[in-house]
Structure formats: C-alpha cells, structure tokens
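Remarks on the structure that follows.
The residues of the chain are indexed from 1 along the displayed sequence.
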Amino acid sequence: MNTTRTTTVTCPNCGRGNRIPEAAEGRPRCGHCKQPLPWLVDAGDDDFAEVVERAAVPVVVDLWATWCGPCRMVSPALEQVARDLAGRIKLVKVDVDRNPQLSRRFDVQAVPTLLVLDKGETIARQAGAAPAHVLRAWVEQAMAGR
C-alpha cells in the first residue's frame with residue numbers, strides 16, 4: 001500500500017493542477033508543460049526529517065503560529081518567493097504550536113521565524129515578516145553562500 005502524502009499545486013505557467021509528493025527526491029515539474037512547479041508543503045514533528053532534511057533542493061522553513069498577524073502577512077510573500085524560485089527551493093510551513101519539538105530544536109523565540117536549510121543544515125535564519133522582494137533576496141543570498 002502506498003502511503004505517500006501528496007499536495008496539489010497549480011502550475012503558474014499553464015494553470016493545470018499537479019499532485020506532487022510532500023517528500024521526494026528531485027524537483028517537481030508540471031505534467032503538462034514540464035515547467036518547474038513551486039513546492040509548498042506542511043511538515044511537523046513526525047515528518048520533518050522526511051520532508052525537509054532529505055530534500056535535494058534548499059528548503060525555506062516558515063515557523064509560524066495561527067494566532068500571529070505577521071505570520072499571516074508573510075505567508076503570501078513566501079508563496080510568491082516559492083513561485084519565483086520554482087525548481088530551486090521548497091517551502092515548508094511548520095505550525096510551532098502543533099509541533100513543540102521543532103520549536104525547541106530551532107529555538108523559536110518569535111514568530112514568524114524563517115530558516116533556509118540545505119541538506120538539513122541551517123544556512124540562514126531571520127525572525128519577522130518582510131516583503132516578497134526582500135525575502136527573495138535573502139533566500140538567494142543564502143543559496144549563493146552554500
């Protein structure tokens with residue numbers, strides 16, 4: 001029995017829906033037009049290693065909380081960054097209230113806390129919200145330094 005969890009992503013190029021695994025090797029591409037897809041998934045204490053640490057591309061981790069206003073403001077900006085850098089990054093959202101082990105592991109003192117991980121190693125960290133163009137520059141700078 002296959003228990004691989006998937007998520008559906010709309011291709012920004014052709015508009016088709018694509019089911020992509022939350023944890024996989026490689027980089028997702030549209031089944032129709034073959035363009036890279038933005039990879040946006042949720043992870044938690046139980047599946048973080050599989051979803052994040054084994055990813056072949058750098059992972060932007062958004063440590064957020066449902067009650068946090070700045071978290072809700074930064075979410076669309078992060079999704080835009082994931083679309084802009086489709087095929088180059090994976091965006092993973094972690095609700096810190098539901099995942100206390102990850103909150104402790106990354107010493108989350110404020111939300112949102114954003115991380116860039118490469119093969120499970122933190123290569124960049126910042127707290128607080130920022131506009132999409134600032135977040136994109138931050139992610140690209142972190143990737144250039146790896």
Side-chain angles (χ1 to χ4, degrees), residues 1-66 68 70-99 101-103 105-108 111-146:
M1 183 169 123
N2 187 355
T3 59
T4 302
R5 292 187 346 208
T6 62
T7 188
T8 301
V9 176
T10 301
C11 177
N13 186 57
C14 70
R16 296 268 178 109
N18 292 264
R19 279 192 1 215
I20 58 174
E22 292 184 3
E25 294 181 11
R27 300 158 201 249
R29 293 192 170 275
C30 178
H32 180 68
C33 72
K34 309 301 182 212
Q35 292 299 306
L37 291 171
W39 204 354
L40 303 92
V41 299
D42 294 316
D45 290 338
D46 296 336
D47 62 354
F48 190 82
E50 181 182 9
V51 172
V52 175
E53 295 172 357
R54 297 186 189 135
V57 295
V59 179
V60 177
V61 179
D62 176 15
L63 297 149
W64 67 285
T66 57
C68 169
C71 296
R72 290 191 301 272
M73 289 172 34
V74 80
S75 187
L78 287 169
E79 291 171 10
Q80 180 62 52
V81 171
R83 285 189 297 274
D84 291 349
L85 300 177
R88 296 177 54 202
I89 67 165
K90 181 178 191 178
L91 173 61
V92 176
K93 299 180 69 63
V94 176
D95 183 338
V96 296
D97 291 331
R98 291 184 175 190
N99 301 286
Q101 291 173 346
L102 290 170
S103 184
R105 173 181 169 184
F106 292 111
D107 193 29
V108 176
V111 287
T113 293
L114 307 174
L115 309 170
V116 179
L117 277 66
D118 186 24
K119 297 178 181 67
E121 179 184 334
T122 303
I123 59 173
R125 178 186 182 110
Q126 82 169 35
H133 72 278
V134 172
L135 293 171
R136 180 178 175 163
W138 173 70
V139 170
E140 288 178 325
Q141 181 181 16
M143 291 184 340
R146 65 180 171 117

Derivation of the salt bridge (charged side-chain N to carboxylate O under 4.0 Å, His left out) call for Arg136 and Glu140: CA-CA 6 Å; Arg136 180 178 175 163; Glu140 288 178 325; 3.1 Å; yes

List the steps and the verdict of side chain to side chain contact (heavy atoms under 4.5 Å, CB included) for Val139 and Ile89. CA-CA 9 Å; Val139 170; Ile89 67 165; 4.0 Å; yes

If only atom types and distance count, is the side chain of Arg125 paired as donor or acceptor with the main-chain N or O of Thr113 below 3.5 Å? no

Pairwise distance CG(Asp107) to OG1(Thr122) - rounded to 0.5 angstrom: 11.0 Å

Walk me through it: do Leu91 and Val81 pass the test side chain to side chain contact (heavy atoms under 4.5 Å, CB included)? CA-CA 9 Å; Leu91 173 61; Val81 171; over 6 Å; no

Taking C-beta and beyond as the side chain, do Arg88 and Val57 meet within less than 4.5 Å on heavy atoms? no

Smallest heavy-atom separation, Leu114 atom then Gly128 atom, equals CD1-O, 4.1 Å

Taking all non-hydrogen atoms of both residues, which atom of Pro58 and which atom of Val116 are closest, and how far apart? CB-CG1, 4.4 Å

So does Arg16 get a backbone contact from the side chain of Asn18, meaning a donor-acceptor N/O pair under 3.5 Å? yes

To the closest 0.5 Å, what do you measure between CD1 (Ile123) and CD (Gln141)? 10.5 Å

What do the steps show when you test Met143 against Asp118 for side chain to side chain contact (heavy atoms under 4.5 Å, CB included), and what is the final call? CA-CA 8 Å; Met143 291 184 340; Asp118 186 24; over 6 Å; no

CG (Leu37) and CZ (Arg29) are apart, to the nearest 0.5 Å, by 9.0 Å

Heavy-atom side-chain contact between Val74 and Leu135 under 4.5 Å: yes

Could you give the distance from CD (Glu22) to CD (Glu50), rounded to the nearest 0.5 Å? 9.0 Å

The side-chain contact (heavy atoms from CB on, under 4.5 Å) partners of Asp97 (sequence neighbours excluded) come to Ala65, Trp67, Asp95

Here the pair of heavy atoms bringing Val92 nearest to Ala43 is CG1-CB, 3.4 Å

For Gln80, which residues count as a side-chain contact (heavy atoms from CB on, under 4.5 Å) partner, sequence neighbours excluded? Arg83, Asp84, Ala132

Note, Val96 side chain near Leu102 side chain (heavy atom, < 4.5 Å): no

Could you tell me if the side chain of Leu78 sits less than 4.5 Å from the side chain of Val60, heavy atoms only? yes

Hey, does Pro36 have a side-chain heavy atom less than 4.5 Å from the side chain of Pro28? no

Heavy-atom pair with the smallest gap, counting every atom of Ala24 and Trp39: O-CH2, 3.4 Å

Taking the side chain as every heavy atom from C-beta outward, state whether Val61 and Val94 have any atom pair closer than 4.5 Å. yes

Mind listing the closest non-hydrogen atom pair of Cys14 and Cys30 along with its distance? SG-SG, 3.6 Å

Check for a donor-acceptor pair, side chain of Asp47 on one end and backbone N or O of Gly44 on the other, with a separation under 3.5 Å. yes

Approximate separation, where rounding is to 0.5 Å, of Leu40 CG and Lys93 NZ: 9.0 Å

Which heavy atom of Asp45 sits nearest to which heavy atom of Asn99, and what is that distance? N-OD1, 2.9 Å

Check the pair Glu79, Arg72 against salt bridge (charged side-chain N to carboxylate O under 4.0 Å, His left out), reporting the backbone distance first and the verdict last. CA-CA 11 Å; Glu79 291 171 10; Arg72 290 191 301 272; over 6 Å; no

Derivation of the side chain to side chain contact (heavy atoms under 4.5 Å, CB included) call for Leu63 and Phe106: CA-CA 9 Å; Leu63 297 149; Phe106 292 111; 4.2 Å; yes

Counting distance only, does the side-chain N/O of Lys90 pair as donor-acceptor with the main-chain N or O of Val41 below 3.5 Å? no

